[in-house]
Amino acid sequence: MIQKTLDKLRPHFSEGGKFSALRSVFDGFETFLVVPSATSKSGVSIHDAIDSKRIMSFVVIALMPALLFGMYNIGYQNYAAAGATASCWTMFLYGLVVMLPKIVVSYGVGLGIEFVVAQWKKEEIQEGYLVTGMLIPMIVPVDTPLWMLALAVAFSVVFAKEVFGGTGMNIFNPALVARAFLFFAYPTSMSGDKVWLAKDTWFGLGNAIPDTKTLATPLGEAAAGLAPSGDIWQYCTGLMPGSIGETSVIAIAIGAVILLCTGIASWKTMCSVFVGGALTAWLFNIGGLDNAVANIPWYEHLALGGFCFGAVFMATDPVTSARTEGGKYIYGFLIGGLAITIRVLNPGYPEGMMLAILFMNMFAPLIDYCFVQRNISKRLKRAQDK
Amino acid sequence: MASLFSKENRLAFTEPLSLNNPVLIQVLGICSALAVTAKLEPAIVMGLSVTVITAFANVIVSLIRKTIPNRIRIIIQLVVVAALVTIVSMTLKAFAYDVSVQLSVYIGLIITNCILMGRLEAFAMTNGPWQSFLDGVGSGLGYAWILVVVGAVRELFGNGTLLGFNVIPQAAYEAGYVNNGMMTMPAMSMIILGCIVWAHKAYVSKKTK
């Protein structure tokens, strides 16, 4: 049925049709809904049933548990801060109402820019923004104003993606660039103890909370020299303040299983991030530093902040991570190690995952280069020995 | 003196302003363009200082160009520039102390500004004093207007002011507007500079088509 409607509509959007200005938009929707029938015209090429749009859809599905839980957590934190009780559904609905505008803004601005660029360069719309647009609202604090979000999305789509040539050509993960932009441009809105709580009522849901009410993340507390509140159970379920999608280890683990089963994310990268993080945190544990963050047990370090979210959804981004199989171990290991090191040694940044991944994005090509060269020289030697 | 504003001389002045801009096309003098443009005022002062120094260094070197031994010409050019930089630096300290503190080492570092050495080597060593003067002023102003644009954008969005006066109304702040802290960092001036190069390239390529 979808195919029929599309076939009927196609002439309008082709060259000379009345909506030819919207050609790329139509094209984008068509390939999003059905697998394109066009095949390569020359040579032998075998296509998998899965193309990059299908990959993107799987990643968005994998993000769903963390997103839904994040919505519930928004409501939970609001009602807990007001001291009120409500059913699970009320909390979830409140979170949905708070979260929905962010998602709409992120997709609206990001896809808008993509459509304009695609039309301008007469290219197909690239599908990369499907995932980025979902990631960006999930890695910001709940109290981020919408205009800041829109600005960050525009900045990252233009300067992290389009100037490099669009999807698949970017050096840095665009979602993390958006967050880094917010982090450096508006530091008071991105960290501290005032931004982790939705404070207004919407449609009779939720509670109005005075501006003076503060709520610190466990890592924020530790960076301030206090003992972090909560226990490992709370860190795993995720009923704690934090960026919207990052709090629940369980929800992220479900997403990780989906990504690994479909073979989209590399288990090598993912595992080595955790190994690197655990090892570094353990070294700081036994190092005996007089530092509240250093003394968080290593297993709690892995469950706190954006570590899991970054390891599962950001570090494994196939475009910006290392591509050689051996390189993935080193790439992941250094992300984990750097993230914990930034957390512990830099008092200005309570969370280091974002900076660690961006930093290693930059070095991924170098790691790949070294591994490729090593393979070349190894094989040359083997050939010469014969 | 009819040749005072001949076509050639006018070209020496106008070309560095846009078509052969030292920052946009030759990509010289980038470090100071990134370092002093957090506010508009130091950017203007820096731009003017470079203009003055380039103009007079060009004139002086052009006057003595025939007596300069070829093998030590860089040293002689440097001495001329260093003398002028010292004069400008002392003048600023005497009459605009606050700005000279803000500019700190960057006034002294004009000595190493590639635009200066480039103009002296490429132009003043082979052309007469009047033409060299025009070329120096043109190059300096070509550098200055980039600095002014970058400085204005950065001060406006980073601090909400221009030359220290509030431009963004208080009502905007009450409605939730926040100054962009990224604009005060040198990283952002790199991006703004890139955008200017982009726009300029697009403009030039359209014009030459």
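Just so it is clear, the model here is predicted, and its values are computed rather than measured. Side-chain atoms are counted along with the backbone in the values below, which use heavy atoms only and exclude waters and symmetry mates. Every chain is numbered from 1 and lettered A, B, ... according to where its sequence line falls, protein lines coming before strand lines.
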- By a 4.5 Å heavy-atom criterion (distance strictly below it), what part of B:Y177 contacts chain A: side chain, backbone, both, or neither?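 Both parts, backbone and side chain.
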- Query: Where does B:M188 contact chain A at under 4.5 Å (heavy atoms): side chain, backbone, both or neither?
  - Reply: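 It is the side chain, since no backbone atom gets that close.
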- So, for B:L162 and B:A152, which heavy atoms are closest and what is the spacing to 0.1 Å?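 That would be CD2-O, 3.7 Å.
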- Query: Do you know the tightest heavy-atom contact between A:N361 and A:I171?
  - Reply: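 The answer is CB-O, 3.6 Å.
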- Message: If the contact rule is any heavy atom under 4.5 Å from chain A, which residues of residues 70-80 of chain B qualify, in numerical order?
- Response: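 Within residues 70-80 of chain B, no residue comes under 4.5 Å of chain A, counting heavy atoms only.
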- Message: Can you confirm whether B:L141 sits close enough to B:F13 that some side-chain heavy atom of one is under 4.5 Å from a side-chain heavy atom of the other?
- Response: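 Side-chain contact under 4.5 Å: yes.
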- Task: Could you please state which residues from residues 137-155 of chain A sit under 4.5 angstrom from chain B, measuring non-hydrogen atom to non-hydrogen atom, sorted by number, or 'none'?
- Result: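 The list, in residue order, reads A:W147, A:M148, A:L151, A:F155.
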Does a donor on one side chain sit under 3.5 Å from an acceptor on the other, for [X] and [Y]?
X	Y	answer
B:Y143	B:T54	no
B:D98	B:Q102	no
A:Y129	A:S106	yes

- Task: With a 4.5 Å cut-off on heavy-atom pairs, point out which of B:G194, B:A187, B:G181, B:C195 contacts chain A the most.
- Result: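 Top count of heavy-atom pairs under 4.5 Å with chain A: B:G181.
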- Message: Testing B:T91, B:L103, B:V88 one by one against B:S49 for a side-chain contact (heavy atoms from CB on, under 4.5 Å), which residue passes?
- Response: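 The option that passes is B:V88.
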- Message: Quick check for you: to the nearest 0.5 Å, what is the distance between B:S32 atom OG and B:L109 atom CG?
- Response: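 Going from OG on B:S32 over to CG on B:L109, the span is 8.5 Å.
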- Tell me, for A:F183 versus chain B, whether the close heavy atoms (under 4.5 Å) come from the side chain, the backbone, both or neither.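 Contact with chain B involves no heavy atom of A:F183 at all.
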- Task: Classify the angle between the aromatic ring planes of A:F313 and A:F309 as parallel (below 30°), tilted (30 to 60°) or perpendicular (above 60°).
- Result: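 Geometry flag for A:F309 against A:F313: tilted rings.
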- Task: Quick one: do A:M134 and A:Y107 satisfy side-chain contact (heavy atoms from CB on, under 4.5 Å)? Show the steps, please.
- Result: CA-CA 8 Å; A:M134 190 53 89; A:Y107 273 116; 3.5 Å; yes
- Item | Atom CZ of A:F359: over 12 foreign heavy atoms under 6.0 Å |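 Incorrect, the count does not exceed 12.
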